[in-house]
Amino acid sequence: MSRYEPSQIEPKWQTAWDDAGVFLARRDPAKPKYYVLEMFPYPSGRIHMGHVRNYTMGDVVARFMAAKGYSVLHPMGWDAFGMPAENAAMERGGHPKDWTYQNIADMRGQMKPLGLSIDWSREFATCDPEYYGQQQSMFLDMLAAGLIYRKAAMVNWDPVDMTVLANEQVIDGRGWRSGALVERRELTQWFFKISDYSAELLEALDGLKDWPEKVRLMQANWIGKSRGLQFAFTTHGAPEGFDRLDVYTTRPDTLLGASFAAISPDHPLAKHLERHDPAVAAFVAECRRGGTSAEAIETGEKLGLDTGITVLHPFDNDWQLPVYIANFVLMDYGTGAIFGCPAHDQRDFEFATKYSLPIPPVFIAEGTEEAALTEAYVPMKSERVTYVRGFAGQTDQTGEAAVLAAITECEARGVGRGVTNYRLRDWGLSRQRYWGCPIPVIHCDTCGVVPEAKENLPVRLPDDVTFDKPGNPLDRHPTWRDCTCPKCGAAAKRETDTMDTFVDSSWYYARFTSPHSDTPTNAEDAAYWMNVDQYIGGIEHAILHLLYSRFFARAMHKTGHLPASAIEPFNALFTQGMVTHEIYKTTDAQGRPVYHLPEHVGEFIIGPARFVFLKAGLEEGETTISSGVLARLKAANQMVEVIPSAKMSKSKKNVVDPMNIIAQFGADTARWFVMSDSPPERDVEWTSSGADAAFKHLSRVWTLCSRIGEMPADHKGEGDDALLRATAKAVDEVTKGIETFAFNKAIATLYGFTNTLSKANASTPAMKHAIRTLAQLMSPMVPHIAESIWTYQGGAGLCTQAPWPKADPTLLTLDTVTLPIQINGKRRAEISVPKDMPVAEVEKLALADEDVVRFLAGQPVKKIIVVPGRIINVVI
RNA sequence: GCGGGCGUGGCGGAAUGGUAGACGCGAGGGUCUCAAACACCCUUACCGCAAGGUGUGUCGGUUCGAGUCCGACCGCCCGCACCA
């Protein structure tokens, strides 16, 4: 066996796998199925280390499950609609379609060398008319089923470019291109009725046992179930038709701490006042300045305007509260109107302080005196309070108990009723952009909104569009907009909004089960392959993508596109961390930061000190750094400041291109590195020393394989039994590691096993068996080198298709165990005992141990605790 | 602002409530070499010659025993509905 040269073996094995068709997913009734899916990529044009990590994880699982005898589905596709393609068209000319498909070709070309076990025959892009046509068909089904409706909603409006902006296009309240102050504007848009499923989506989270707890928690909080009181204030001085003001509160227990009422600038009352009062109009316009994102609204300055209207406190008709219009009150939540209790809510407190409103406390900390507050008083869980302004029925309760008691009391008094409310809003799917799935409806002057006829699907995006002007090119397309009404045949206009790209990604997992079917799904294929057994992707999708997919699967079931068993489409979810890298920074003459690419930076280490410098500062032929060179680099400002590990981003220039790594070390090294060291759910820092180490280790295994291959066939050794035990232990630990996504631990085991094997003195057959097993255990992570070793050591067929090794349980247990002995919780000694020794005898042995006797120094033993096989603790 | 997560050697990290630091990196020492690179071997939490002591962000609690469980605090990171 020659030297380890990945560039020689990797393409060879990839061809061998393709020729044998080993990754083609087939419905096989004789085998259990396993569907593993990584979140499909956006085709930006370049794969990055995050992709390598994500797909390697999925690949390890897919290869492992295939070796365990499952019929595996492991597909790949492209989330291909979205803004970057339009931005590229605007910046560089060209067409979003060409840009996207070229990027797909480029990325496919970069992914193939990774040697992933993907069934490429199922590949599709969401911008393929074959895909989005089926999506349009489902849109029509869902529209007919009452799952989709239209209503007015806010968008970010750029008044200079006259275009709608995405939240990410709003920077510090201004349009990213025009720099104009962004306004909120109302448009009629399409919505999915996801809120109909609030309760179900929340309750079903309990059944998702193999999802990370934190994702379920985040979704639960997002859905935001709350129990509160809805009641009506009687208004005083309000315009006609507004004699009641409905309010929802989750804190009815603080009702007697009310100080003011506030309505959203989008509340019907505010809109009414706006038309008649210039001061209100000016204020509301001020509120509508700035973006629509929750972050922009919540972190902006809290502003209010006294409308002059008052409301009567429901418990005391002589008590009047002023009504404000306030920019932090959201129309989408509750009733768009609140009552403010500054004593027990920090935001209300700040508002009341700003506008000099009273701050009456409802309760105070037990044992304290009522005093002026400097901040809102919100008791901790364990804290006890005394009510100073409570109403009948209120005791010293706090928290949920107090809220529920208050609801009961209010209902008894005829003040409102308890209601369950959800924070989850309906999903707005309209986008005023070109590069998305056209919404298949037609606007007819006589018939109104009419669904496109199914036989006319797909409604294709027109190719002849330009991006020289801001806004949606579909709006100004000469002929595409014009059409005839499917109902009355009169001239009509197409909807020019396209769908949110989250729609595309909400059902692609189902499409993979029959990617070229002429219906959205095929019943037999969906029944066989669904659900996704293991879904893998970034935590950034923990809420929106996953929640939308869960909703969409239900909507697909309701419209007959998925079986009832698939309404929770992802059985298990794994969220992996990011790949990070250091940032290298210098400053220019003006003191502005300048960032440098990792490959332009060198480093050397003297003792604990690390020096990082620009390679450009070296002179020709300089490979080592002497003190003279160091001094020169320092003087020439070629030393670099290192900013610790951060998300890879182009602007910070800390991106490591996987293609460079593959060229230098091979795909196996890249795969091995991203799976080792860090646990997969956590961030992993890419380091060049780590990549070197991964390559060195694979080379060591290669050399070891050669050595074993050259051993004489009749070589005898003493260590067969020990090697057999070590092999069984490695099989057991690697198997468990992969099953629990503890890939870093599986790899640590493989390091240990390699060390054991290289030091072993065993017979040739035992050594060969051990290294073949090592190759198998490594193969999910580094399949190419594993194939080479497997073949070289006489393994039958492809290592990829060999059944996963099993550990003989009798080889896993030892006859004697070493038990640590603690005295008062501190480790003082240890003894070796047979593994089945009775507790009483272990106690006797422990107390007789000479170290124990020395430490006890004659003191009486109060208690002795023996945890069999674990530990002994002597208490004195 | 709201919601979520994470804090363990010089670094990445390991540890069903039971010997804290597996494994890897880095560093130090050695073998080989004319020398270097490679490779291999040893050492490596901190203080201490040692005996021993101290250590998992901080403070407190539960327990025979806490990195792990509970409470409060501090720091960092992520998401916030039109980015994908």
Using a strict cut-off of less than 4.0 Å between a Lys/Arg side-chain nitrogen and an Asp/Glu carboxylate oxygen, indicate whether A/Asp426 and A/Lys193 qualify as a salt bridge.
no
Identify the pairs formed between an N or O of the protein and an N or O of nucleotides 14-21 of chain B at a distance under 3.5 Å, and give each distance.
| unit_1 | atom_1 | unit_2 | atom_2 | d |
| --- | --- | --- | --- | --- |
| B/A14 | OP1 | A/Asn744 | ND2 | 3.1 |
| B/A14 | OP2 | A/Arg682 | NH2 | 3.4 |
| B/A15 | OP1 | A/Lys745 | NZ | 2.2 |
| B/U16 | O4 | A/Arg870 | NE | 3.1 |
| B/U19 | O2 | A/Arg827 | NE | 2.7 |
| B/U19 | O2 | A/Arg827 | NH2 | 3.3 |

Between CH2 of A/Trp157 and C1' of B/C82 the distance, given in whole Å, is 14 Å
Looking for any heavy atom pair under 4.0 Å, which part of the strands does A/His545 touch: base, sugar-phosphate only, or nothing?
nothing
As a test of reading the structure: which of B/G5, B/G52, B/A84 is closest to the side chain of A/Phe502, going by heavy atoms?
B/A84
Scan side-chain atoms only and decide if A/Asp500 and A/Trp427 contain a donor-acceptor pair under the 3.5 Å cut-off.
yes
Provide the Watson-Crick or G-U wobble partner of B/U31, both distances under 3.5 Å; none if there is no partner.
B/A39
So what does A/Asn755 hit on the nucleic acid, given a heavy-atom distance under 4.0 Å: a base, only sugar-phosphate, or nothing?
sugar-phosphate
Quote, to the nearest angstrom, the P distance that separates B/C23 from B/A15.
13 Å
Please report the distance separating the C1' of B/G52 from the corresponding atom of B/C41, rounded so that it comes out in whole Å.
31 Å
Check ion pair A/Arg854-A/Glu850 (N to O, under 4.0 angstrom)
no
With both distances under 3.5 Å as the test, what is the Watson-Crick or G-U wobble partner of B/G48?
none
Heavy atoms from C-beta onward define the side chain here; which of B/A84, B/C80, B/C23 lies closest to that of A/Thr501?
B/A84
Classify the nucleic acid contact of A/Asp683 as base, sugar-phosphate or nothing, counting any heavy atom under 4.0 Å across all strands shown.
sugar-phosphate
Euclidean distance for C1', B/G53 against B/C38 (whole angstrom):
43 Å
Counting the atoms with a prime plus P, OP1 and OP2 as sugar-phosphate, which does A/Gly690 contact under 4.0 Å by heavy atoms, base, sugar-phosphate, or nothing?
nothing
Considering only atom C1', compute the distance from B/C70 to B/G26 and round it to an integer number of Å.
38 Å
For A/Arg347 and B/G1, is the shortest distance between a side-chain N/O and OP1 or OP2 below 4.0 Å?
no
In whole Å, what is the span from the CG atom of A/Asp348 to the C1' atom of B/C2?
14 Å
Hydrogens and angles aside, do A/Trp507 and A/Tyr548 bring a side-chain donor and acceptor to less than 3.5 Å of each other?
no
Provide the distance between the two P atoms, one in B/A37 and one in B/A14, to the nearest whole Å.
33 Å
Pair A/Lys736 + A/Asp732, salt bridge at N-O below 4.0 Å
yes
Answer with base, sugar-phosphate or nothing: what part of the nucleic acid does A/Phe328 contact at a heavy-atom distance below 4.0 Å?
nothing
Classify the side-chain pair A/Gln189/A/Ser430 by whether it contains a donor and acceptor separated by less than 3.5 Å.
no
Output the rounded distance in Å from CD (A/Glu843) to P (B/C64).
16 Å
Using a distance-only test with no angle check, is there a side-chain donor-acceptor pair under 3.5 angstrom linking A/Asn54 and A/Glu38?
no
B/A81 and B/G4: how far apart are their C1' atoms, nearest whole angstrom?
16 Å
Nearest to the side chain of A/Arg431, heavy atoms from C-beta on, is which of B/A81, B/A84, B/C82?
B/C82
Taking the six-membered ring of A/Trp222, is the NZ or CZ of A/Arg423 close enough (under 6.0 Å from the centre) and on axis enough (within 45°)?
yes
With both distances kept under 3.5 Å, what pairs with B/C2, Watson-Crick or G-U wobble?
B/G79
Roughly how far apart, to the nearest Å, are B/C34 and B/A51 at atom C1'?
48 Å
N or O in side chain of A/Thr687 less than 4.0 angstrom from B/C25 OP1/OP2:
no
Please work out if A/Glu213 contacts a base, only the sugar-phosphate, or nothing of the nucleic acid, heavy-atom cut-off 4.0 Å.
nothing
Can you tell me the distance, in whole Å, between the CD1 atom of A/Ile823 and the P atom of B/G52?
12 Å
Centre of A/Phe191's six-membered ring, under 6.0 Å away, within 45 degrees of the axis: is that where NZ or CZ of A/Lys151 sits?
yes
Using a 4.0 Å heavy-atom cut-off across all strands, classify A/Lys826 as base, sugar-phosphate, or nothing.
sugar-phosphate
Atom CE of A/Met49 and atom P of B/G12 are separated, to the nearest Å, by 19 Å
What is the nucleic acid contact for A/Phe855, judged by heavy atoms within less than 4.0 Å: base, sugar-phosphate only, or nothing?
sugar-phosphate
Starting from the 5' end of RNA chain B, give me the residue, A/Pro41 or A/Gly752, whose nearest nucleotide shows up first.
A/Gly752
Checking A/Ser226 against A/Asn421: is there a side-chain donor and acceptor pair closer than 3.5 Å?
no
Have a look at B/G67 and give me syn or anti from its glycosidic angle (syn if within 90° of zero).
anti
Euclidean distance, atom CD1 of residue A/Ile747 to atom P of B/G13 [Å, nearest integer]
14 Å
Under 4.0 angstrom, heavy atoms only, what part of the nucleic acid is A/Arg216 near: base, sugar-phosphate, or nothing?
nothing
Hey, does the side-chain of A/Gln189 have a donor or acceptor N/O within less than 3.5 Å of a partner on the base of B/C82?
yes
For the residue pair A/Gln219 / A/Trp211, report whether a side-chain donor-acceptor contact shorter than 3.5 Å exists.
no
A/Arg700 CZ to B/C23 P, in whole Å, measures 13 Å
Taking the P atom of each, how far is B/A72 from B/A27, in whole Å?
44 Å
Sugar-phosphate, base or nothing in reach of A/Gln432, heavy atoms under 4.0 Å
base
For A/Gly428, answer base if it contacts any base atom (sugar-phosphate contacts may also be present), sugar-phosphate if it contacts only those atoms, and nothing otherwise; contact means non-hydrogen atoms under 4.0 Å.
sugar-phosphate
In whole Å, I'd like the distance from the CE atom of A/Met218 to the P atom of B/A81.
13 Å
Counter-base of B/C69, judged by Watson-Crick or G-U geometry with both distances under 3.5 Å
B/G61
First encountered from the 5' end of RNA chain B, between A/Ser676 and A/Arg425
A/Ser676
Checking all strands, does A/Val155 fall into the base, sugar-phosphate, or nothing category for heavy-atom contacts under 4.0 angstrom?
base
Regarding A/Thr703, tell me which of base, sugar-phosphate or nothing describes its non-hydrogen contacts under 4.0 Å with the strands shown.
nothing
B/U56 pairs with, by Watson-Crick or G-U criteria that keep both distances under 3.5 Å
none
In the structure shown, which nucleotide is the Watson-Crick or G-U wobble counterpart of B/G7, with both distances under 3.5 Å?
B/C74
